[in-house]
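Okay, structure first, notes after.
Basis for what follows: all heavy atoms, side chains included, without hydrogens, waters or symmetry-related copies. The chains referred to below are lettered A, B, ... by the order of the sequence lines, with proteins before strands, and numbering in each begins at 1. Bear in mind the structure is a predicted one, so any value in this text is a computation, not a measurement.
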Amino acid sequence: MTLASMQSVLKRYGSCAALDYIDLEIHEGEIVGLLGPNGAGKTTLIQALTGILPVDQGRISLFGDSRNPFSDANKQKLGLVTQEIAVFEELTAKEGLEFFAGIYGLRREEKKKRVAEALEFVGLSAYANKVPHKFSGGMKRRLNIACALTHRPRLLIMDEPTVGIDPQSRNHILESVQKLREQGTTILYTTHCMEEVQEIASRVVILDQGQVVKEGTVQQLIETVRHEETIIFDVADPLGIPLRQVESIAGVSQVSVSGSRITVISAAGAGNLDRILSVVQQHSGVLGIQADKPNLEDVFLTLTGKQLRDREGSR
Amino acid sequence: MTIFYFTLKRSFANLANLIFLTAAPIACIFLPAGEGWPPLAYGYAYFGIVILFVAIRLAQIMMEDRVKGILKRLSVAPVRYFSYLGQHLLAYAVILILQSAVVVLGGWIAGQELHRPWALFALYVSFSFAALAMALAWISVFRSKDAAFLFYMSLIVLAALLGGIILPLEIFPDLLRRIAVILPTFWFAEGLKSIASAQPFADNVRINATLCLYALVFLVLGSTRRMQ
Ligand SMILES: Nc1ncnc2c1ncn2[C@@H]1O[C@H](COP(=O)(O)OP(=O)(O)OP(=O)(O)O)[C@@H](O)[C@H]1O
Ligand SMILES: [Mg+2]
C-alpha cells in the first residue's frame, strides 16, 4: 500500500524552485532514504508532505487520501522528527514526552506506558527525570526522536536525525530506525550521509536542486555506474592539477578535488590510467593511488557532479 | 487540556519566572503608602508594572515554541492552532488572576487601605487581559526572544511613566498628558484614582471596559498572525 505520495509538487521561494515538480511514493514497510546535499530541498519536501508548508502546485496524498490528506485521523498516524531539536528545555525528558503523548490523545496508564517505552527505545530511561538543558547533543537528538514515537505512528518522517552527533548515538539511532521498521513502521529518512543510507535504506531517492535525480535500491543505483570506475589520487599539490586537461582524457567523465584527493571517474576498462597518472605526476607529487569499486558516493558524483560531503573542492 | 496543564508547569519551571510570579506580588503588598500620591499604597500602583512584566515573560514561552520548531511539531499533530493559543492564554490568565487575588487579599489582611477591594481586583484582572494581549501581539512580530524582551521592557517602563503609574501625570506637560490617553497604563492609573476617590460604580465599569477593549484589539492583532 502507498502511505504517502507527491505528484508534480512545485514549491517556489521567490524565483528559486525549492521543489521542482517532485514525484514521490512511499510504500508500507519501506525505509526510504532521501539523500541530498545542503539546500537540495529535503526539509522543504518534508514540510510539504506533512502539510506544514503549503505548496504552489501538485497533489499530495497521505494514507490514500488526497482530498484531505492532513485530516486529524491522518495526522494521528504520522510522526515527524524535525531537523531542529524541538524539545522543551524546561521540562524533564519524561514530562516532555507526556506532553506529546497527551496531544495525541493518550491518557493515564497508556500514556505512562508509551512514554516509558519511547524513553527506553532511545536509551534515555536513566535520564527520564532530567531536563534536556544539560543533555549532550546526541542525547537531545535522541529525545527529539522519542517525541515523535509515543503515539506509534504508522509513517515516521525523520529530517536529518543524526546531524552533528557522536558515532555512538548515531549507531544507536540507526539501530532504532531498523527496529522500528521491524515493528512495522514505514520510514522516510533524510540525510546527507551516504553510509547511513547504504546501511538502512530499502530504497534511495536522490534529491538535488529540488529535483529527484534518481531513485532505486542501493544495488540498482550502483548498477547504473557499474561500467565506471573511480580512481583516487592522493597528491601533494591538489590545486596545481589542471582538471580540464585530466577531464579531456578519453574515458574520463568526472574529476573533482576534495582536500588532497583528486577523484577521477572513468569508464571501466578504458585503459587510460597511465595517461591520467602522467598528467597528474607532471604537476604534483603523487602520494598514493587507489581504485575503488563504485559505491553510492560515485552514483551521486556522476549524477550531480557534486561530492556529497566534501563539496568545497568540487568543480 | 494537556497544553493548558503543561503551560502552567512551564510557567513556573524557571527560577526567574518563579521569583517574579511569587516574590514580586508579595513585595507589592507591603510597600508603604505615599503622601497624597499614588492614590493607593505604592505597591498597588507598581503591581501594574509587575503585571506587564509577567505577561511578557509568560508569552515568551509561546515565542520559544515558535522559534524552536515546537509549533511545527504541533502543526503535524491533531491539534488546532487556536486550541494551542487558547489554552496558553487561559493558563496565563489563570496565573495573573491568582496573582491579583493574592495582592488584593494580602493587602486586605495586612490592613492596607484598599477602598474597594473588589473593584481593585476587577481592575487588575482587566489590566492583566490587556497586558497579555499586548504581549501576544508583541511577540508575534519578533523573531528573537531576547530582542523582543529587552525592547518590550523599555516600552513597559516608558508606558508606565507616561501613563501615570510611576509618577503623577500632573507633573508632565499638557501635550504629553493628552497623548497618555492612548496608553492602557493611563487607564490603569485612572482606575486606581477612581477607586481611591470613590467615584460612582459606572466610572469603574467604563475604565474596565476600556481595558478589555484594548485586550480584544491586541488579541486579534496577535492571533491572526499565525506563529509559524
Ligand atoms: N523560508 C525560506 N525562504 C526562502 N528560501 C528558502 C526558505 N527555506 C528554504 N529555502 C531555500 O530552499 C532550498 C531548499 O532548502 P531546504 O531547507 O529544503 O534544503 P535541505 O535539503 O533541507 O538542506 P539542509 O541539508 O541544509 O537541511 C534552499 O536553496 C533554501 O535556500
Ligand atoms: Mg534540511
Side-chain angles (χ1 to χ4, degrees), chain A residues 4 43 46-54 62 69-92 94-108 111 131-133 140 143-151 153 155-157 159, chain B residues 1-22 54 56-88 90-92 95 143-146 149 224-228:
Chain A
T43 300
I46 283 174
Q47 294 190 344
L49 190 61
T50 50
I52 295 174
L53 205 65
L62 284 179
F70 311 118
S71 65
D72 282 356
N74 281 347
K75 283 177 169 181
Q76 190 73 34
K77 294 183 264 184
L78 190 70
L80 172 67
V81 178
T82 49
Q83 181 169 3
E84 63 264 61
I85 294 178
V87 300
F88 297 112
E89 295 283 338
E90 66 275 64
L91 296 178
T92 65
K94 185 162 142 243
E95 289 168 337
L97 292 184
E98 279 170 355
F99 173 88
F100 286 107
I103 61 170
Y104 282 95
L106 297 167
R107 296 285 172 263
R108 285 179 247 278
K111 179 163 75 175
V131 285
H133 193 63
K140 279 190 190 174
L143 182 60
N144 196 42
I145 293 173
C147 289
L149 297 180
T150 54
H151 64 293
L155 173 61
L156 179 66
I157 297 180
D159 197 352
Chain B
M1 295 302 269
T2 300
I3 297 177
F4 173 77
Y5 169 73
F6 279 98
T7 306
L8 283 182
K9 208 160 191 167
R10 292 171 71 199
S11 302
F12 288 96
N14 87 31
L15 188 64
N17 272 12
L18 200 62
I19 291 173
F20 264 99
L21 294 179
T22 54
V54 166
I56 188 77
R57 282 294 299 202
L58 292 175
Q60 264 187 312
I61 293 177
M62 280 195 282
M63 180 164 194
E64 213 171 277
D65 284 357
R66 181 186 64 196
V67 173
K68 271 175 37 189
I70 283 169
L71 273 188
K72 268 184 210 139
R73 282 218 128 110
L74 291 178
S75 72
V76 302
V79 276
R80 302 273 93 76
Y81 176 70
F82 280 98
S83 160
Y84 165 85
L85 186 65
Q87 293 188 49
H88 271 264
L90 188 63
Y92 303 152
I95 290 173
R143 290 235 140 248
S144 140
K145 187 176 142 188
D146 294 328
F149 188 63
T224 45
R225 202 188 124 93
R226 287 227 173 181
M227 302 203 293
Q228 300 280 328

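With a 4.5 angstrom heavy-atom cutoff, A:Q47 touches chain B only via side-chain atoms. Looking at A:L91, only its side chain comes within 4.5 Å of chain B, counting heavy atoms on both sides. Neither the backbone nor the side chain of A:I157 comes within contact range of chain B; no heavy atom of the residue lies under 4.5 Å from a heavy atom of that chain. Interface residue A:F100: only side-chain heavy atoms are found under 4.5 Å from chain B. For A:A73, no part lies under 4.5 angstrom from a heavy atom of chain B.
The pair B:D65-B:R10 counts as a salt bridge, with a side-chain nitrogen and a carboxylate oxygen less than 4.0 angstrom apart. In this structure, A:E89 pairs ionically with A:K140, as a charged nitrogen and a carboxylate oxygen lie closer than 4.0 Å.
Of all the listed residues (A:T82, A:I103, A:V131, A:N74), the one sharing the greatest number of non-hydrogen pairs under 4.5 Å with chain B is A:I103. Per-residue heavy-atom pair counts under 4.5 Å with chain B were compared for A:I85, A:L78, A:N144, and the maximum is reached by A:N144.
Here the side chains of A:F88 and A:P132 are not in contact, with every heavy-atom distance at 4.5 Å or above. For the pair B:Q87/B:M1, a side-chain contact is recorded, criterion being any heavy-atom separation below 4.5 Å from C-beta on.
Within 6.0 Å of the CZ atom in B:F12, the count of heavy atoms belonging to other residues, nucleotides or ligands exceeds 12.
To the nearest 0.5 angstrom, A:E98 atom CD is 7.5 Å from B:Y5 atom OH.
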